[in-house]
Amino acid sequence: MWDKLEVTYKGTNKVKETRINLFVHEYELFQMKDGESAEDRFSMFSKILGDLKYFGRTIKRGEQVRKILRSLPTIWQPKVIAIECQDLDKMSYDELRGDLIDFEKTHLDRQIQQEKKTQLPSKQLWLNQKIKKKRKEENK
C-alpha cells in the first residue's frame, strides 16, 4: 500500500531522477532580473529548494547563500561585496533574505527613483528637440 502511494505521489525511480534533474537545472539557471523584487525571487528560490528537498536532494546553507549572491544583478554589487566579507557558511538563508530585502527597500528603491528623475529631463529634452524638428519641417 505504502509503495503504491509513494509511486503515485513521487513517481518511479526514473521519474524521480528526471524531476530531480529538472529542479537541479532550475537551481543552476536561477538568476534575478533587473526590476524583480527580492521577495519574489526568494519565493521562487524557496520553491526550487523545497522541490529538491522533497526528492532528497538538499543544498547546504553556504551554497544557497553563494548561489543567491551570484544570481543578483550588478546594481546589487555593493551589498554583495559587503555580505561576502562575512562567513557565508554561517549565514542563514533567512538572514540573507532579510539583509537583501532591507537593502532593496532602503537603497535600491532610492537609487532607482534618482535614476528616473535624471532620465526624465533627458527624455523630455529629446522629445522637445523632436517636436522642434518636426515643426521646422512642417514650416518649409
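For this chain, numbers begin at 1 and follow the sequence in order.
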Table please: side-chain donor-acceptor pairs of residues 26-33 below 3.5 Å, with sequence neighbours left out.
| residue | atom | partner | partner atom | Å |
| --- | --- | --- | --- | --- |
| Y27 | OH | E63 | O | 3.4 |

- Item | Distance, nearest 0.5 Å, that separates OG1 of T58 from CD of Q64 |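 Rounded to the nearest 0.5 Å, the OG1-CD separation comes out at 8.5 Å.
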- Message: To the nearest 0.5 Å, what is the distance between CG on D94 and CG on D99?
- Response: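 These two atoms lie 11.0 Å from each other.
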- Query: Where is the tightest heavy-atom contact between A38 and I101, given as atom of each residue plus distance?
  - Reply: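 So the two residues come closest at CB-CG1, 4.0 Å.
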- Query: Would you say L49 and F23 make side-chain contact, with heavy atoms under 4.5 Å?
  - Reply: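 No. Closest side-chain heavy atoms not under 4.5 Å.
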- Message: For L88 and L96: C-alpha separation, side-chain torsions, deciding distance, then whether side-chain contact (heavy atoms from CB on, under 4.5 Å) applies.
- Response: CA-CA 9 Å; L88 300 182; L96 176 66; over 6 Å; no
- Can you list the residues that meet the side-chain contact (heavy atoms from CB on, under 4.5 Å) rule with N21, with sequence neighbours excluded?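 Once residues adjacent in sequence are excluded, the partners of N21 under the side-chain contact (heavy atoms from CB on, under 4.5 Å) criterion are E17.
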- Item | Contacts of D34 that satisfy side-chain contact (heavy atoms from CB on, under 4.5 Å) - sequence neighbours left out |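 For D34, the residues satisfying side-chain contact (heavy atoms from CB on, under 4.5 Å) (neighbours in sequence not counted) are P73.
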- If Ile, Leu, Val, Met, Phe, Trp and Tyr residues are connected whenever their side-chain heavy atoms lie under 4.5 Å apart, and connections chain through other members, are L22 and Y54 in the same group?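 Different clusters: L22 never reaches Y54 through Ile, Leu, Val, Met, Phe, Trp or Tyr contacts under 4.5 Å.
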- Task: Spell out, yes or no, whether I68 and M44 are grouped together once hydrophobic residues are joined by side-chain heavy atoms under 4.5 Å, including indirect joins.
- Result: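 In one cluster with I68: M44, yes.
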- Item | Any pair counted as side chain to side chain donor-acceptor pair (under 3.5 Å), so long as it reaches residues 68-83, sequence neighbours left out |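 The answer is none; no pair qualifies.
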- Message: By the side chain to side chain donor-acceptor pair (under 3.5 Å) test, which pairs, at least two apart or in different chains, include something from residues 38-50?
- Response: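 Passing the test, one end in residues 38-50: E36-R41, S37-D40, E39-R97, S46-Y93, K47-D51.
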- Message: My understanding is that only residues two or more places apart in sequence, or in another chain, count here; which of them pass side-chain hydrogen bond (donor to acceptor under 3.5 Å, both in side chains) with D89?
- Response: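 For D89 the side-chain hydrogen bond (donor to acceptor under 3.5 Å, both in side chains) partners, ignoring immediate neighbours, are R66.
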- Sequence-distant partners of R61, salt bridge (charged side-chain N to carboxylate O under 4.0 Å, His left out), two or more places apart: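 Counting only residues at least two positions away or on another chain, R61 forms no salt bridge (charged side-chain N to carboxylate O under 4.0 Å, His left out).
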